[in-house]
Amino acid sequence: MKTKYYNPSLLEVNFAKAFQALAQQLEDKLDSGKVINITPIHDADNPMVIYKLKDEEGDLHEVVVQIIQRPDNLVN
């Protein structure tokens, strides 16, 4: 079945939720720093997961992961 609704699609939302759930595993892969906050935005056209990080010097950083699903006709 072809996806009919992409803004956001169920696949995009579920992928964003899965990515959010991986926060601890992602933190474990960082050389230094900790995830101190996660802001999910699952209802946007392209869902986002915003990670607030603190590095070893105590500086705050943000990393934004935006999920974009391409339409079926662009994948084939």
Side-chain angles (χ1 to χ4, degrees):
M1 183 174 126
K2 298 284 184 188
T3 303
K4 296 188 185 334
Y5 187 70
Y6 287 95
N7 297 322
S9 73
L10 183 58
L11 180 61
E12 284 176 315
V13 172
N14 288 337
F15 194 91
K17 288 178 180 179
F19 206 88
Q20 178 184 351
L22 292 173
Q24 184 60 52
Q25 289 90 332
L26 293 171
E27 184 177 272
D28 292 344
K29 299 288 184 188
L30 299 175
D31 289 335
S32 59
K34 293 195 102 23
V35 176
I36 61 169
N37 189 44
I38 301 171
T39 303
I41 304 173
H42 294 148
D43 59 349
D45 180 10
N46 299 114
M48 291 183 276
V49 182
I50 303 170
Y51 292 88
K52 187 172 279 188
L53 308 169
K54 186 182 283 191
D55 67 18
E56 69 279 356
E57 298 172 344
D59 296 329
L60 295 177
H61 304 272
E62 281 190 349
V63 174
V64 178
V65 178
Q66 187 170 30
I67 310 302
I68 301 170
Q69 181 182 358
R70 293 186 173 166
D72 294 337
N73 61 340
L74 294 179
V75 175
N76 294 328

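For the side chain to side chain donor-acceptor pair (under 3.5 Å) test, no residue two or more places apart in sequence or in another chain qualifies with Glu62. For Asp28, the side chain to side chain donor-acceptor pair (under 3.5 Å) test picks out Gln24, with sequence neighbours left out. The side chain to side chain contact (heavy atoms under 4.5 Å, CB included) test applied to Asp59 returns Asp55, Glu57, His61, not counting sequence neighbours. Lys34 pairs by the salt bridge (Lys or Arg N to Asp or Glu O under 4.0 Å) definition with Glu27, not counting sequence neighbours. Phe19 meets the side chain to side chain contact (heavy atoms under 4.5 Å, CB included) test with Phe15, Leu26, Tyr51, Val65; sequence neighbours excluded.
The distance from the NZ atom of Lys54 to the CG atom of Asn37 is 11.5 Å, given to the nearest 0.5 Å. Rounding to the nearest 0.5 Å gives a distance of 9.5 Å between CD1 of Ile50 and CD of Gln66. Between the CG atom in Asn14 and the CD1 atom in Ile67 there is a gap of 11.0 Å [rounded to 0.5 Å]. Interatomic distance, Asn46 CG to Ser9 OG, rounded to the nearest 0.5 Å: 9.0 Å. Distance check: Gln25 CD to Leu30 CG gives 12.0 Å after rounding to the nearest 0.5 Å.
Through side-chain heavy atoms spaced under 4.5 Å, either directly or across other Ile, Leu, Val, Met, Phe, Trp or Tyr residues, Ile36 is tied to Leu60.
A donor-acceptor pair under 3.5 Å is absent between the side-chain atoms of Glu12 and the main chain of Pro47, judged by distance alone.
Linking Ile, Leu, Val, Met, Phe, Trp and Tyr whenever their side-chain heavy atoms come within less than 4.5 Å puts Val49 and Val63 in one cluster.
Minimum interatomic distance between Pro8 and His42 (heavy atoms only, all atoms of both residues): CG-O, 3.8 Å.
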Handout entry: Working for side-chain contact (heavy atoms from CB on, under 4.5 Å), residues Asp43 and Ile41
Key = CA-CA 6 Å; Asp43 59 349; Ile41 304 173; 3.9 Å; yes
